[in-house]
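Structure record follows, encoded as structure tokens.
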Amino acid sequence: MVLVESCTPPLARDYIKILQQCPKKTTYESARVCETSEALPLIDLRRLMGDDEGERAKSALEIVRASSEWGFFQVVNHGVSSKLLNRMRREQVELFNAPFSRKSTCGLLNNSYRWGTPTATSPDNFSWSEAFHVPLTKVSDPTCYGEFSSLREVLVEYAAAMQKVARMLAGVLTSNLGQSIEVFEEMIGCDESTCYLRLNRYPTCPLSAEIHGLVPHTDSDFLTILHQDQVGGLQLMKDNKWIAVKPNKDALIVNIGDLFQAWSNDVYKSVEHRVMANAKRERFSVAYFLCPSHHSLIGSCKQPSLYTNFTFADYRNKVQHDSKLHGRKLGLSRFRR
């Protein structure tokens, strides 16, 4: 009999090892229970892109309000074709269905494959997932794809489409604070050469429904645009409660990152969110991260600033240091005055 190698990383092995090292831990930290399920604010971008000035202003106000009150919102009629999104999903599934040994050793997508949480110090720090975290500078490089050559064309088109949506939304948010998108981009250095795509797979988890697919965190960028499947599992913190996000097949999910919160002087909120593992169904998503150049100074749109001056490189270095030391990210609190 021929044994087919599993595509799933040895997540159970590593999780159980961590669990055995923390025998006195009370299973999970507080606020584990998801108290409600809600639909995020839903914004129709067709109005923002239309000719009616009044409708554009209303749509922009909805984006600003959601970014301030929720830190998350959904957009429909966003201009990214369902055909492209479906192609992306098919290519992504094929990529993740490759044997684990191949994904972890062959250097695919700029050697960007990650799984589990090597820095986890407790079960609460462990993510039951795998991902390719790809810099956009490598997306068009044919040497990154190996046998998955058809993925390249889709990723290039997908990245360009998400860049367009991200720039549109960033333009609304910066304009609300009195700055044009052109000046913002020049100051911060956000363009297609500094951003990332992250392809995620959350394998089925037979151990416990309480295991994180992705641990609670905030995003270390300006904006994140997420396309997810219909399995569910994404939750965000609002009013000190975990809220499950209802999947919407026609929508992209947008959330504010730490850098936009700092730059806006806390006008916009970078909200903690997580993904819960699923015992019966695997989950797929693709995230686009709007990031600045590493040496860009993340200032504030107005003074006095609530944060000390720091660069994106400073921020990333602190996140990596804290993850190794504490098993988790501390984030913006490191830079508060």
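In terms of heavy atoms, Ser220 sits closest to Val319 at OG-CG2, 4.0 Å. The nearest pair of heavy atoms linking Ser68 to Lys269 is O-CG, 3.3 Å.
Ion pairing between Asp219 and Arg198 fails under the 4.0 Å rule for side-chain N and carboxylate O. The pair Arg334-Asp314 does not count as a salt bridge, with every side-chain nitrogen at least 4.0 angstrom from each carboxylate oxygen. A salt bridge links Lys58 to Glu55: one of the charged nitrogens lies within less than 4.0 Å of a carboxylate oxygen.
Under the 4.5 Å side-chain heavy-atom criterion for ILVMFWY residues, a single connected hydrophobic cluster contains both Leu306 and Tyr268. Linking Ile, Leu, Val, Met, Phe, Trp and Tyr whenever their side-chain heavy atoms come within less than 4.5 Å puts Val156 and Leu84 in one cluster. Linking Ile, Leu, Val, Met, Phe, Trp and Tyr whenever their side-chain heavy atoms come within less than 4.5 Å puts Val165 and Val139 in one cluster. Cluster annotation: Phe260 and Phe289 are assigned to distinct hydrophobic clusters (Ile/Leu/Val/Met/Phe/Trp/Tyr, side-chain heavy-atom contacts under 4.5 Å, transitive).
The backbone N or O of Phe284 lies less than 3.5 Å from a partner atom in the side chain of Asp229, making a donor-acceptor pair. Formation of a donor-acceptor pair under 3.5 Å by the Ser285 side chain with backbone atoms of Gln228 is not found in this model. A side-chain donor-acceptor contact under 3.5 Å links Asn317 to the backbone of Ala313. Judged by distance alone, with hydrogens and angles left aside, the side-chain atoms of Tyr315 form a donor-acceptor pair with the main-chain N or O of Leu332 at under 3.5 Å. In terms of modelled atom types and a separation under 3.5 Å, the side chain of His133 and the main chain of Ala131 share no donor-acceptor contact. Panel note: side chain Ser300, backbone Gln303; no donor-acceptor pair is recorded below 3.5 Å. The backbone N or O of Glu94 sits nowhere less than 3.5 Å from a side-chain atom of Asn97 that would complete a donor-acceptor pair. Under a 3.5 Å cut-off, the side chain of Ser59 and the backbone N or O of Leu45 do not form any donor-acceptor pair. The backbone N or O of Met276 sits nowhere less than 3.5 Å from a side-chain atom of Trp128 that would complete a donor-acceptor pair.
The 12-atom threshold is not exceeded at CD of Glu53, counting heavy atoms of other residues, nucleotides or ligands nearer than 6.0 Å. Heavy atoms from other residues, nucleotides or ligands lying under 6.0 Å from CD of Gln320 number more than 12. Annotation for Arg46: atom CZ does not count as buried by contact number, only 12 or fewer foreign heavy atoms lying within 6.0 Å.
Between Phe184 and Phe222, the ring center distance clears the sub-6.0 Å criterion. For Phe335 and Tyr307, the ring centers sit 6.0 Å or farther from each other.
Using cut-offs of 30° and 60° on the angle between ring planes, the pair Tyr113 and Phe132 is tilted.
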Exercise for review: Show your working on side-chain hydrogen bond (donor to acceptor under 3.5 Å, both in side chains) between Asp124 and Ser122 and close with a plain yes or no.
Suggested key: CA-CA 5 Å; Asp124 285 319; Ser122 78; 4.6 Å; no
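Figure legend: Arg316 and Phe312 shown as a cation-pi pair, the cationic atom lying under 6.0 angstrom from the six-membered ring centre and within 45 degrees of its axis.
Atoms OG and NE2, from Ser127 and His217 in turn, are 8.0 Å apart once rounded to the nearest 0.5 Å. How far NZ of Lys238 is from CD of Glu69: 7.0 Å, rounded to the nearest 0.5 Å.
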